[in-house]
Number of protein chains: 2
Amino acid sequence: MAYTIQQLAALAGVSTRTLRYYDTIGLLPAQRNSTNDYREYTTVQVDRLQRILFLRLFGVPLATIQKILDAPLATQQAALLDQRQRILAERDRLDHLLTTLDKTLKRGGNHMSDTEKFAAFKEKQIKENDVQFGSEIREKYGEEKVSAANKQYAGLSEADYNAMQDTESKMLTLLKAVIQSGQIDSPEAQQVFSLHKAWLQFTWPTYSTEAHKGLAQMYTADPRFGQYYAAKTGSDKAASVLAAIIEKYAV
Amino acid sequence: MAYTIQQLAALAGVSTRTLRYYDTIGLLPAQRNSTNDYREYTTVQVDRLQRILFLRLFGVPLATIQKILDAPLATQQAALLDQRQRILAERDRLDHLLTTLDKTLKRGGNHMSDTEKFAAFKEKQIKENDVQFGSEIREKYGEEKVSAANKQYAGLSEADYNAMQDTESKMLTLLKAVIQSGQIDSPEAQQVFSLHKAWLQFTWPTYSTEAHKGLAQMYTADPRFGQYYAAKTGSDKAASVLAAIIEKYAV
DNA sequence: TCTTGACCTTGCCGTAACGGCAACCCGTAG
DNA sequence: CTACGGGTTGCCGTTACGGCAAGGTCAAGA
């Protein structure tokens, strides 16, 4: 079944103006009724809109969201996992803001140090990441002026985007070798891990082994990843080998 | 001590550009160093900036924030209490979004109903308020198109602003009568409560007796409110009487 | 004293993500 | 045919800054 623009707007809690805008910029392309040329939206568009709403939660620019949603599924999933991390972090931040606000509202006014007054607001800032590749990215774009959400993707130049593709390509080549040798206790396997991690860090503001392992579990559980990595390496063991590598080295 | 613009920007996690802009529009006026005409910010401005950051959390327009911060303390406090409610609500919404996202990420993709896919995103929408005065406001501005935060204050026309002042004025007149009679079990006291509640609803998207009582406690605990209401009614019992009225009728 | 670098100023232009509106078309009911 | 609710495109405007150019200030070092 298909929704009209009004129906989808009401369903999703956005304006029709927004949906038209998203269609115009190619972010959420609509199909057209052949009789009257009205926009129509199917389940594919519904699901894409949901992803858009998740990705725009913390200010990711729309152009970036489009890039993500036009990328392979693994990239999309990584980006959504990233959003998951941010939701968790934002929830903690709101707790902290609540504490701060209660102190401000307290009798007699504000007795906090000036630093403490703003600590919760600043938690949005980038957290340090000590991996070399990650540090390079941050050094390039700076810390003080960079909002994590905005610069994450929009800051990726063409060269960086190519570097990201290159990283994945190298990782896949080595993954093939590991599949053939069957040795996940090897320098090649370790390098697969490092490259996969670096690949993730093009899109993740902070890295956590927990999230990395979460992604690995997704690789084994979701057949779409099995198919993606099988197509890339020529082996239907690719996703499970990659997941095993992540499980082993993400410590 | 005074901060330079760089120091305050770093302290608060905002850009110097933002601080200049806020000074230019009168939202956060800076003092000036007499030697070099550089901007200087004292504790008063620090605290005002903190309030600005709280109020802008969910998209309150800056012009509105300025209106709030230039209003009497009771209005400011009510607005900050309102933000407190929103932080609580937003935290719940993030929990809900997390659940939704986990379902989306789950193996095999998205098995939710279309309605469920967007339920958490739509929680930002206005919740029904069944008080007559509140309904009037909502009917005037519509529901589907109205973002709660944006229309809360910016939607107040000159006439509405005057109505708000008028409401407080009437409430204060009746409060004086109750102070003199000493009867909080009376129609006049009940009307004080109703008018105070209506006054709050100019600025609160949703009303809760809990929040109203929280404000009442603030009225008795914080000497600034004692002074404000004493000045308005000529009696230093005003704040405690008002608080007692709220305690009695906010059920 | 001069130079340099960090900090500051104002003024101006531009941007992202829409909101709003005008002019017009479509389909259905009265 | 008219009216109303739904839809279209095109255009202008808004808000909250980001960015940059041109110029001033101050302190340290040569």
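Proteins get letters first, then strands, A, B, ... in listed order; numbering begins at 1 in each.
- Taking only side-chain nitrogens and oxygens, B:R56 never comes nearer than 4.0 Å to OP1 or OP2 of D:dT15.
- Only one option out of A:R17, A:R39, A:R48 pairs with A:D23 in a salt bridge (charged side-chain N to carboxylate O under 4.0 Å, His left out); it is A:R39.
- Contacts of A:L62 with the nucleic acid, taken as non-hydrogen atoms under 4.0 Å apart, involve only primed sugar atoms and P, OP1 or OP2.
- Phosphate contact (OP1/OP2 of C:dC18, side-chain N/O of A:S15, threshold under 4.0 Å): absent.
- Rounded to an integer number of Å, the gap from CG of A:D23 to C1' of D:dG7 is 13 Å.
- Rounded to a whole Å, the CD1 atom of A:I52 is 17 Å from the P atom of C:dA16.
- Side-chain contact between B:E116 and B:T100 is absent, with no heavy-atom pair separated by less than 4.5 Å.
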Please encode protein proximity along nucleotides 5-11 of chain C as a string of B, S and -, counting only heavy-atom distances under 4.0 Å. --BSBB-

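- Legend: residues meeting side-chain contact (heavy atoms from CB on, under 4.5 Å) with A:T115, ordered by chain and number and at least two apart, are A:S113, B:L11.
- For D:dA16, the OP1/OP2 oxygens have no side-chain nitrogen or oxygen of B:T18 closer than 4.0 Å.
- When side chains are defined from C-beta on, B:L81 does not count as touching B:L200, because their heavy atoms never get closer than 4.5 Å.
- The nearest whole Å value for the distance from the CD atom in A:Q66 to the P atom in C:dC18 is 13 Å.
- Side-chain N/O atoms of A:Q83 and A:R86 include a donor and acceptor closer than 3.5 Å.
- Between B:K170 and B:D166 the shortest side-chain heavy-atom distance falls below 4.5 Å.
- Taking atom CZ of residue A:F58 and atom P of nucleotide C:dA16, one finds them 22 Å apart after rounding to whole Å.
- Taking atom CG on A:N33 and atom C1' on D:dG6, their separation rounds to 12 Å, with Å as the unit.
- At whole-Å resolution of the value, OH in A:Y21 and C1' in D:dG10 are 15 Å apart.
- Rounded to whole Å, the distance from OH on A:Y22 to C1' on C:dG19 is 13 Å.
- For A:F54, the ring pair (Phe, Tyr, Trp, His ring centres under 6.0 Å) partners at least two apart in sequence or on another chain are B:F121.
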